[in-house]
Amino acid sequence: MIPRETTETLFLFLVSGDITQKGYEKKRAKLLAPYVPQTQGVDPALQKESRTQTPAPAAAPASASSSSSSKFHRARSGGARDERYRSDIHTEAVQAALAKHKEQKMALPMPTKRRSTFVQSPADACTPPDTSSASEDEGSLRRQAALSAALHQSLQNAESWINRSIQGSSTSSSASSTLSHGEGKGTSGSLADVFTKSFPPGVPVSSRVSTKIQQLLNTLKRPKRPPLKEFFVDDFEEIVEVPQPDPNQPKPEGRQMTPVKGEPLGVVCNWPPALEAALQRWGTTQAKCPCLTALDVTGKPVYTLTYGKLWSRSLKLAYTLLNKLGTKNEPVLKPGDRVALVYPNNDPVMFMVAFYGCLLAEVIPVPIEVPLTRKDAGGQQIGFLLGSCGIALALTTEVCLKGLPKTQNGEIVQFKGWPRLKWVVTDSKYLSKSPKDWQPNISAAGTEPAYIEYKTSKEGSVMGVTVSRIAMLSHCQALSQACNYSEGETIVNVLDFKKDAGLWHGILTNVMNKLHTISVPYSVMKTCPLSWVQRVHTHKAKVALVKCRDLHWAMMAHRDQRDVSLSSLRMLIVTDGANPWSVSSCDAFLSLFQSHGLKPEAICPCATSPEAMTIAIRRPGVPGAPLPGRAILSMNGLSFGVIRVNTEDKNSALTVQDVGHVMPGGMMCIVKPDGPPQLCKTDEIGEICVSSRAGGMMYYGLAGLTKNTFEVIPVNSAGSPVGDVPFVRSGLLGFVGPGSLVFVVGKMDGLLTVSGRRHNADDIVATGLAVESIKTVYRGRADGMTVTFSLHLVLYNVGICLVAIDSIHQVGVYCLALVPANTLPKTPLGGIHISQTKQHFLEGSLHPCNILMCPHTCVTNLPKPRQKQPGVGPASVMVGNLVAGKRIAQASGRDLGQLEDNDLVKKHQFLTEVLQWRAQATPDHPLFLLLNAKGTTVCTATCLQLHKKAERIASVLCDKGHLNAGDNVVLLYPPGIELITAFYGCLYAGCIPVTVRPPHAQSLTATLPTVRMIVEVSKAACILTTQTLMRLLKSREAAAAVDVKTWPTIIDTDDLPRKRLSQIYKPPTSEMLAYLDFSVSTTGMLTGVKMSHAAVSGLCRAIKLQCELYSSRQIAICLDPYCGLGFVLWCLCSVYSGHQSILIPPMELESNLFLWLSTVSQYKIRDTFCSYSVMELCTKGLGNQSRGINLSCVRTCVVVAEERPRVSLTHSFSKLFKDIGLSSRAVSTTFGSRVNVAICLQVMQALSSAYIGTSGPDPTTVYVDLKSLRHDRVRLVERGAPQSLLLSESGKILPGVKVVIVNPETKGPLGDSHLGEIWVNSPHTASGYYTIYDNETLQADHFNTRLSFGDAAQTLWARTGYLGFVRRTELTAASGGTRHDALYVVGALDETLELRGLRYHPIDIETSVSRTHRSILCGCEQEALDLVPLVTNVVLEEHYLIVGVVVVVDPGVIPINSRGEKQRMHLRDSFLADQLDPIYVAYNM
């Protein structure tokens, strides 16, 4: 037995908030060590595991701290709004349901937050400052004792699960989506095989991470793959798994109902012909009788309005409105105009005067809420209502007008979405007294509009329900008869007096019957919840108008004042009695206040709606008469819309109370909520419809909605109308029970349809809040408990909450978000603004402090998994293509043999020979020009200078380095001409150059290991570099990262001896190795490829012919010169073609963004080459700042990349710089891969007659169907088509290059309507991979492979590893230029995700995610949690994928290569190795 003091000490450590998880583990182990039996010979880790799985003993009841706990409970301010869902019956059901799941182990991986997020969380702003103090004052000790008692049992029960979750709760998470869904070829067991493939040797794998991922995989529900019945499925049609209806679901068995009539509306001789006439009668004959009493902020009466005052002030206001606002010939208002009433909730007197003043003036009042800010919650929709009603005038009080937000000039701000309003103050001193001969026109009530009541729909839109004068009068008469009002009675109104029952009883029926209303504002209820009970006691009120919320607040504050009596109440009208959970509120209030004189028959729930007004109300009962019965219904039956009395499982029972009978003079029917208004059967749930004179007449200005709501003619099962009397839809779901009692079980706005079953949102919320532990944690957080403590316990309780909802309702919760207290948007009366909350959630501005998403249990209609037919071979595919008339997807560039070139190729086989020839023929011709950040020339190199310096470097290599021909030499230089001279120096000496990016001095630990790896893999015998870099390689900082003693010979080339090379090396054959190209691919693999002299010459010749490069030309290059096409353009092409290259190091753009474009403008460059990172830098950084740049000279701006063209970026760049002369056709892209660095390269047509250039075509763009692409099919669609993807051609295929699209599995050629791997054959393809141990299998498969069949089966091909397709341009929307075969690159094969048999490309998912929130790539930590549901939603909606893990990291964490391409594999490996330090990791359970 562990002593109580030990557990409390441990609890205080946990509450303190300063202790880390590891620290808490140590404290816990130390405190509990003496009480844990040690077993000899047993591993302590196993002991720990067995302890965590042992159920904790039940905690002793903490009766000692019950008083402090009750004080703590009363201290809550904001949480009481949720008590309307409180139900003791339902709580028992929830606890019973959870008992069934008690034995299940909750192995859910917990979300993890970075500590800084806790510190900066918005929840801290809601925490009282005194609670974070370490001083043990009385308040903190009392809170700790109360919390310790309240949470003692909860902590013990949760201990085992929390311990398992806290162990190794690292900040890293799961693997990629392929792991989440388990769609690979293997089984779903251990992850050992997956991790073996994911990590290269030597990469540490965090066992904590793998455990969490294994837990996640065990949690996910994997989609089952039913056998495919058809041989062929059309992939163009979306096939969705639709859940089949349950054959055992209950069905209605009763007869068709008949409309139920209420009692006749009695004819009373003294009822006035109009409500205005009643006001005139009481105002002139009973002038001193009290009409309305207002309370101050302390709950004491502050002013009583008599009927005489109401009549006289309303008369003055009516006269002022009609005669004093304009001129006699041009009045501002005329009868029938609409006027806004803007009055605060604590001023019912001025509102009542204004309302009746408008009625007397025959203008139509539209009561609205006071706007608090310019962008008030729901204010924009209110503005739409005002605009649609044509309102130009607003009435308010002087105090309210002063409190409205003002501009700097003192004018009232223009509220968002509102029309321009003229504000009129209705205080008495500003009103004109009417002449004695002026009387208002009071006629008998007709169908003309009396007032407009606003209603907020489920989506947040605001509509105006128009109520006619006859409906207003009839409703007052029906309420008077149903409630049996008599003259002079006192009623207490706690509701909003501007709308709904508060307006109907407290303002309208009040005047009809000469009642005295005590109005209790919401602000008083917040400070004194018992104030309305005190008013009933003080004024001996007969009727009280309340909601369930007010009943709970009164019960909470009951102990503060015990001497109150409710014996005078004959009716306690519960206006939200339509809420199914109101029965628990009424029972609890009755049990507490029955000893204070409250009669059971006085509780009268009612059902109301803005459209049908009061639908039903329970009449006040006779003392001693039996109370109406309750309906105990099966929730399972309700979900199918059927009434079934629950007799089996009480856990899934719903107890509802009746709301009385139909209103006098009314008629009610129940129609099906979906489809035509067909009458329901007697045992069927449907929407309540009412036919009565006392109801709304229309939605103002919305004829279509009006017809569907206010003019409903019910039909029978055959579709024939039942009578010709129109009914009004109430928006309430219910049925008519025995004795014509009306029962309400929900609202149409709260209806959730899941898999064909209907659920009420309030029911699900009530189930969640009935979990006792949630309430405890919520109170703890409200009292200042730190977020660190609540994280683990709250998520444990969230898991219990999900279990309870699933058990009782058989429905899964998609998302459960926990927000800091008092941060949700509020309605004017303090409730949660549902539509605004939903909007904030969908916009990503809710800012939760924790979130849990469970899409796997909720999404049931994913597309069917694609199943590939095993019996279809490559030959069958080819025959099928031929039968369908589809051509084989292959393309080729121009034939090199037919292209004329000068004798340079015939004379000189090697690049070294070309350089020697140029040094003799044109020694002073400039080849290279290097610029610095200021745009000034740093260094130049002519043909002769380059040749001589290369000779000197070759001499140093032979003499000082003692190198032989064929030795590898690493070139470690910053971007510049030194790198070029060192390259040719190696060729002159017969060595093999390996260009490597130099390490960064500020991040040696990150960049130096890569250099070291390339040196080792390439077996370099020497390193050529500068003196600065040589010192860096041997520095103390470098020694901390690598072993500097193992570097090969390092030679600096800053001071070279003037010694000529005796003989320049000439390779014996052109197939000899020229250089090694090491690069990190987009898949994150560091590979080196071998380039022969023949490949180098062929590549330079192809680029020269494609780009028309001659000695008179200039090009600008802003690329990294270390690998791929960037290296070729920087070092090789100028020597071969003789053109001048202006070299711009990309790093210089960081200090001068204008460098590249200003250079192009200054030198009038026609062709320039850059990377995506450079283009993105200019697009985001320069904006519209042109600074005298003119780009009209640019013919081609080529982006060098090994990925799918970024169409949006190139379009943005073209659009941004269009005004300074950049042609929209100028920007194009290239495509290359590891096996062939240049496959496609595009140059544009000449822009004017001054340039006689190539006639190359425009780059074509196509829109393809994204769903077909997932099936490896290519289907072109029109622009704007749903699920369409814009793709751009990757450039024109180079001369001598052949391309074919191949099935990567069967290695057979595909048709042009299929997506496949791009295979290439050309003279400049690399010779193979350079590795320490030659892998002949990989070598042959990637560089020397053959097609399995077809005409080109004998050709040797190289596999690029990229997926794409070929289309003839006459089949696309290309304009201008010659027709050709366009190659479209879609993505890297190794990066694709194959899930459910479909192929997904990461860039498509990333593009969808990047659009979800403005804070992606530039947000702060507080917004990290907002991204989790947005990312999950967008991937689910656009790609039909369920995200398993969402990881939010800091900007700049995602690794990219020198071309600006993401290194997704490196990112994944870093995450799995626990090296990311993410802001937040969310596990979508």
Minimum heavy-atom distance [X]-[Y], with the two atoms named:
{"X": "Leu741", "Y": "Asp658", "value": "CD2-OD2, 3.8 Å"}
{"X": "Pro301", "Y": "Thr293", "value": "CB-CG2, 3.9 Å"}
{"X": "Leu732", "Y": "Thr608", "value": "CD1-O, 3.8 Å"}
{"X": "Ala340", "Y": "Ile368", "value": "CB-CD1, 4.3 Å"}
{"X": "Met512", "Y": "Cys476", "value": "CE-CB, 3.6 Å"}
{"X": "Val536", "Y": "Ala544", "value": "CG2-CB, 4.3 Å"}

key: Any residue meeting salt bridge (charged side-chain N to carboxylate O under 4.0 Å, His left out) with Lys288, in chain and number order, not counting sequence neighbours   =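 Lys288 satisfies salt bridge (charged side-chain N to carboxylate O under 4.0 Å, His left out) with no other residue.
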
Not counting sequence neighbours, which residues clear salt bridge (charged side-chain N to carboxylate O under 4.0 Å, His left out) with Glu487? List them please.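 Partners of Glu487 under the salt bridge (charged side-chain N to carboxylate O under 4.0 Å, His left out) test: none.
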
[X] versus [Y]: any side-chain heavy-atom pair under 4.5 Å?
{"X": "Met525", "Y": "Arg549", "result": "no"}
{"X": "Met613", "Y": "Met663", "result": "no"}
{"X": "Val583", "Y": "Arg630", "result": "yes"}
{"X": "Glu369", "Y": "Asn345", "result": "yes"}
{"X": "Ser585", "Y": "Asp576", "result": "no"}
{"X": "Thr517", "Y": "Met352", "result": "no"}
{"X": "Cys528", "Y": "Thr298", "result": "no"}
{"X": "Val424", "Y": "Thr320", "result": "no"}

More than 12 heavy atoms from other groups under 6.0 Å of [atom1] on [X]:
{"X": "Lys455", "atom1": "NZ", "result": "yes"}
{"X": "Ile632", "atom1": "CD1", "result": "no"}
{"X": "Lys542", "atom1": "NZ", "result": "no"}

Hey, does the side chain of [X] reach the backbone of [Y] with a donor-acceptor pair shorter than 3.5 angstrom?
{"X": "Thr397", "Y": "Cys400", "result": "yes"}
{"X": "Thr426", "Y": "Leu395", "result": "no"}
{"X": "Lys599", "Y": "Leu569", "result": "yes"}
{"X": "Gln481", "Y": "Pro664", "result": "no"}
{"X": "Asn493", "Y": "Leu495", "result": "yes"}
{"X": "Thr575", "Y": "Lys547", "result": "no"}
{"X": "His661", "Y": "Ala482", "result": "no"}
{"X": "His596", "Y": "Val564", "result": "yes"}
{"X": "Arg570", "Y": "Ser568", "result": "no"}
{"X": "Trp282", "Y": "Val511", "result": "yes"}

* Quickly, which of Gln280, Lys316, Gln439, Glu276 forms a side-chain contact (heavy atoms from CB on, under 4.5 Å) with Leu360? Name it, please. =>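 The residue from Gln280, Lys316, Gln439, Glu276 that satisfies side-chain contact (heavy atoms from CB on, under 4.5 Å) with Leu360 turns out to be Glu276.
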
Note: Asp496-Lys498 ion pair, threshold 4.0 Å (strictly below):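 Judged by the 4.0 Å cut-off on N to carboxylate O distance, Asp496 and Lys498 do form a salt bridge.
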
Pair [X], [Y]: side-chain N/O donor-acceptor within cut-off below 3.5 Å:
{"X": "Ser480", "Y": "Asn513", "value": "yes"}
{"X": "Ser567", "Y": "Ser565", "value": "yes"}
{"X": "Arg535", "Y": "Thr490", "value": "no"}

Can you classify the ring geometry of Phe497 versus Phe351 as parallel (below 30°), tilted (30 to 60°) or perpendicular (above 60°)?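 Tilted: the ring planes of Phe497 and Phe351 meet at 30° to 60°.
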
Aromatic ring pairing Phe589/Trp532, orientation class (parallel under 30°, perpendicular over 60°, tilted between):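 Aromatic pair Phe589/Trp532 classed parallel.
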
Exercise. Can you tell me how far the SG atom of Cys483 sits from the CD atom of Glu489, to the nearest 0.5 Å?
Worked result: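 That separation rounds to 9.5 Å.
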
- Item | Reported OH-to-CZ distance for the pair Tyr356 and Arg313, which is rounded to 0.5 angstrom |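 These two atoms lie 15.5 Å from each other.
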
Quiz prompt | Intermediate values then yes/no, side-chain contact (heavy atoms from CB on, under 4.5 Å), Met668 and Val742 | solution = CA-CA 9 Å; Met668 177 186 293; Val742 181; 3.7 Å; yes

| said: Once side chain to side chain contact (heavy atoms under 4.5 Å, CB included) is applied, do any residues pair with Ser609, and if so which ones, sequence neighbours excluded? | reply: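 Per chain and number, Ser609 pairs via side chain to side chain contact (heavy atoms under 4.5 Å, CB included) with Glu611, Ala612, Ile615, Ser730.
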
Taking the six-membered ring of Tyr454 (Phe, Tyr or Trp), confirm whether the NZ or CZ of Lys499 is under 6.0 Å from its centre and within 45° of its axis.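 Yes, a cation-pi geometry holds between Lys499 and Tyr454.
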
